[in-house]
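Below is one structure, written out as structure tokens; the observations come after it.
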Amino acid sequence: MSEKTFHDLPLAEPLHRALGESDYKIPSPIQAQAIPVILEGRDLLGSAQTGTGKTAAFALPTLHHLHEKPCELEPRQVRVLCLVPTRELAVQVDRSYEKYGQYIDFKRLVVYGGVGFEPQIKALKEGVDILVATPGRLLDLQQQGYVDFSKTEVLILDEADRMLDMGFLPDMRRIIALLPKERQTLFLSATLGMNVQSLARSILNDPITVTVAPPSSTAEKVEQQVFFVRSTDKAKLLTHLLRKQIESGDSELTLVFSRTKHGASRLVKKLRQSEIKADEIHGDKTQAARERALDMFREGKVTVLVATDVAARGLDVKGITHVYNYDFPTQAESYVHRIGRTARADAEGSAMTFCSDEDMNTLFDVEKMINQPIPIVSDHPYHCTDLEELHLGRREALKKQAKANRPRRRNRGGGPTRVRRAF
Ligand code: AMP
């Protein structure tokens with residue numbers, strides 16, 4: 001977090017009032033850097049992942065703009081368009097606009113697929129100041145003549161890298177071609193790979209680039225632990241740990257990651273049999289069921305939510321104190337994204353990872369990526385000593401290898417030598 005307070009930022013009074021009520025005092029680094037640039041009307045290329053406060057970084061200055069320059073909306077008009085990859089993120093961004101803009105007079109709408117068209121069409125007909133949308137549904141609505149982009153002033157692309165990963169590039173290009181050339185564009189992405197940069201270059205006009213801590217720094221705020229366990233014992237171990245957690249009373253909300261939708265459903269059944277209040281979100285559930293489960297979770301009526309990676313993408317729920325990697329993530333990168341669901345903003349959290357036979361290589365990759373060994377918990381009834389020994393052996397071999405590869409340079413100046421850590 002930077003030293004500036006929100007009062008150092010020239011935002012309209014109703015926004016300061018809403019921030020005060022949300023108990024936001026210090027802008028996060030992306031907010032401190034991006035808000036002044038956006039207020040000046042410049043294009044932005046922001047490299048930041050969820051958890052950094054990126055939503056407020058673009059939502060506050062766009063709301064400020066609407067407050068300073070109110071205008072009569074024409075039918076179907078959209079003043080600010082925010083494109084996002086998933087329904088969950090769309091709902092979340094819309095909620096942020098609602099929260100930060102509670103004392104500002106503006107119209108907002110969120111549109112995504114999987115739900116009826118009618119309410120979305122009805123709202124669009126009156127025109128909206130801020131439209132948060134997933135690309136597919138937005139194009140559908142536009143092609144049916146319900147959206148007019150001719151006076152759109154600001155385009156926001158949130159999680160642009162995910163939109164590319166999910167194959168939205170053609171839809172995004174079609175939408176962008178419909179917007180006025182004279183506009184402000186805010187481009188946010190967790191990663192800035194070649195494809196992302198090439199898209200950014202083609203749509204941004206002389207942008208200011210703002211980069212905040214890469215994903216691996218998220219890992220530093222989270223207490224991480226790994227449990228070596230046989231696959232057949234995982235449900236028993238989870239039940240055991242959740243019971244202990246509930247008894248100790250030091251947990252609020254718990255998010256459990258399952259690799260598959262069926263696995264998630266099976267696990268929820270088992271937890272319920274053990275009288276643990278749990279629910280699930282994944283692609284086989286209807287949109288209404290997913291939203292219901294998320295609301296119950298947010299309100300703390302259900303304290304354990306089992307999710308697949310896709311369903312949990314961008315999920316931002318306050319009070320997630322524990323994350324369980326019940327199934328190990330298939331890629332090392334998703335480990336950091338998953339554990340970033342806890343320890344949001346200034347909070348702290350715990351991430352517990354179950355590691356079975358088939359996960360040993362990925363665990364090794366994760367430790368290399370986060371550049372630290374994950375503490376092992378062996379004090380539980382389902383501990384698998386063989387796996388622990390195997391892993392410790394590999395860590396030791398890596399350390400030896402790193403030592404052997406280190407160049408043998410003499411430190412003539414007598415100052416400190418730089419040593420690359422094995423982890
Ligand atoms: P985001 O990266 O936009 O998904 O935000 C992550 C979380 O941090 C959300 O729960 C926000 O409500 C919270 N947050 C964002 N900015 C701040 C801030 N300056 N102070 C405290 N919490 C914040």
Side-chain angles (χ1 to χ4, degrees), residues 50-51 88 218-219 222-248 250-285 289-290 292-331 334-344 347-356 358-359 362-363 366 374 377 380 382:
T50 8
E88 279 75 16
T218 312
V222 183
E223 186 197 8
Q224 300 167 68
Q225 293 175 326
V226 63
F227 294 75
F228 290 105
V229 54
R230 289 188 206 294
S231 323
T232 44
D233 286 337
K234 287 202 298 191
K236 284 181 257 174
L237 175 60
L238 182 67
T239 312
H240 167 79
L241 294 172
L242 286 175
R243 281 225 178 96
K244 273 181 50 178
Q245 211 177 286
I246 294 165
E247 278 162 20
S248 73
D250 68 351
S251 69
E252 286 179 41
L253 303 178
T254 299
L255 183 62
V256 180
F257 281 96
S258 157
R259 192 171 298 148
T260 64
K261 303 168 198 171
H262 294 303
S265 297
R266 266 199 311 271
L267 184 57
V268 165
K269 265 192 207 118
K270 282 188 192 154
L271 293 175
R272 285 180 181 164
Q273 278 161 9
S274 306
E275 288 173 12
I276 293 173
K277 277 190 189 163
D279 210 339
E280 59 198 288
I281 51 164
H282 52 70
D284 275 357
K285 292 266 153 192
R290 284 157 74 161
R292 224 175 13 250
L294 264 179
D295 282 343
M296 297 279 279
F297 187 55
R298 268 201 187 94
E299 290 161 19
K301 290 182 183 147
V302 166
T303 52
V304 179
L305 187 68
V306 182
T308 53
D309 278 304
V310 174
R313 193 166 277 166
L315 183 101
D316 175 24
V317 174
K318 274 218 169 74
I320 298 182
T321 49
H322 293 73
V323 166
Y324 284 89
N325 289 313
Y326 178 82
D327 288 323
F328 212 92
T330 43
Q331 287 170 339
S334 32
Y335 175 83
V336 180
H337 285 294
R338 282 183 180 190
I339 70 169
R341 303 300 106 214
T342 178
R344 317 285 290 167
E348 287 180 0
S350 302
M352 268 89 40
T353 300
F354 292 1
C355 182
S356 301
E358 66 273 18
D359 310 315
T362 328
L363 172 63
V366 166
I374 305 175
V377 180
H380 65 87
Y382 307 100

Which label fits His240 and Tyr382: parallel for a plane angle under 30°, tilted from 30 to 60°, or perpendicular past 60°? perpendicular

Arg259 versus Thr308, closest heavy-atom pair with distance: O-CG2, 4.3 Å

At their closest point, which heavy atom of Ala235 faces which heavy atom of Leu267, and how far apart are they? CB-CD1, 4.3 Å

Side-chain heavy-atom pair Ile281, Phe297 within 4.5 angstrom cut-off: no

Kindly compute the distance separating OG (Ser350) from CD1 (Ile320), expressed to the nearest 0.5 Å. 12.5 Å

What's the separation between atom CG in Leu238 and atom CD in Gln245, rounded to the nearest 0.5 Å? 8.5 Å

Measure the spacing between CG of Leu241 and OH of Tyr324 and express it to the nearest 0.5 Å. 4.5 Å

Run the side-chain contact (heavy atoms from CB on, under 4.5 Å) check on Leu363 and Ile374 step by step: do they pass? CA-CA 9 Å; Leu363 172 63; Ile374 305 175; 4.1 Å; yes

Quick check: are there more than 12 heavy atoms from other residues, nucleotides or ligands sitting under 6.0 Å from CD of Glu358? yes

Rounded to the nearest 0.5 Å, what's the gap from CD on Glu299 to CG on Leu294? Could you check? 11.0 Å

Say you draw a straight line from NE2 of His262 to NE2 of His282; how long is it, rounded to the nearest 0.5 Å? 8.5 Å

Pairwise side-chain contact, Val226 with Asn325, heavy-atom cut-off 4.5 Å (strictly under): no

Could you check whether any side-chain heavy atom of Val256 comes within less than 4.5 Å of a side-chain heavy atom of Val304, counting everything from C-beta outward? yes

Do Lys318 and Glu252 sit within salt-bridge range, that is, some charged N less than 4.0 Å from a carboxylate O? no

Ion pair check, Asp279 and Arg272, cut-off under 4.0 Å: yes

Exercise: identify the closest heavy-atom pair between Val268 and Ala278: CG1-O, 3.8 Å

Closest heavy-atom pair and its distance - Val306, Ser258: CG1-CB, 4.0 Å

Test item: Asp359 side-chain N/O and Ser356 main-chain N/O as donor-acceptor pair under 3.5 Å: yes

Closest non-hydrogen atoms of Lys277 and Val302, given as atom of the first, atom of the second and distance, are O-CG1, 3.8 Å

Note, Leu271 side chain near Thr239 side chain (heavy atom, < 4.5 Å): yes

Is any side-chain heavy atom of Ser265 closer than 4.5 Å to one of Glu280? yes

Separation between NE2 (His380) and CZ (Phe228), nearest 0.5 Å, reads 9.0 Å

Salt bridge flag under 4.0 Å for residues Asp233 and Arg230: no

Regarding Lys234 and Asp327, does a basic nitrogen lie under 4.0 Å from an acidic carboxylate oxygen? yes

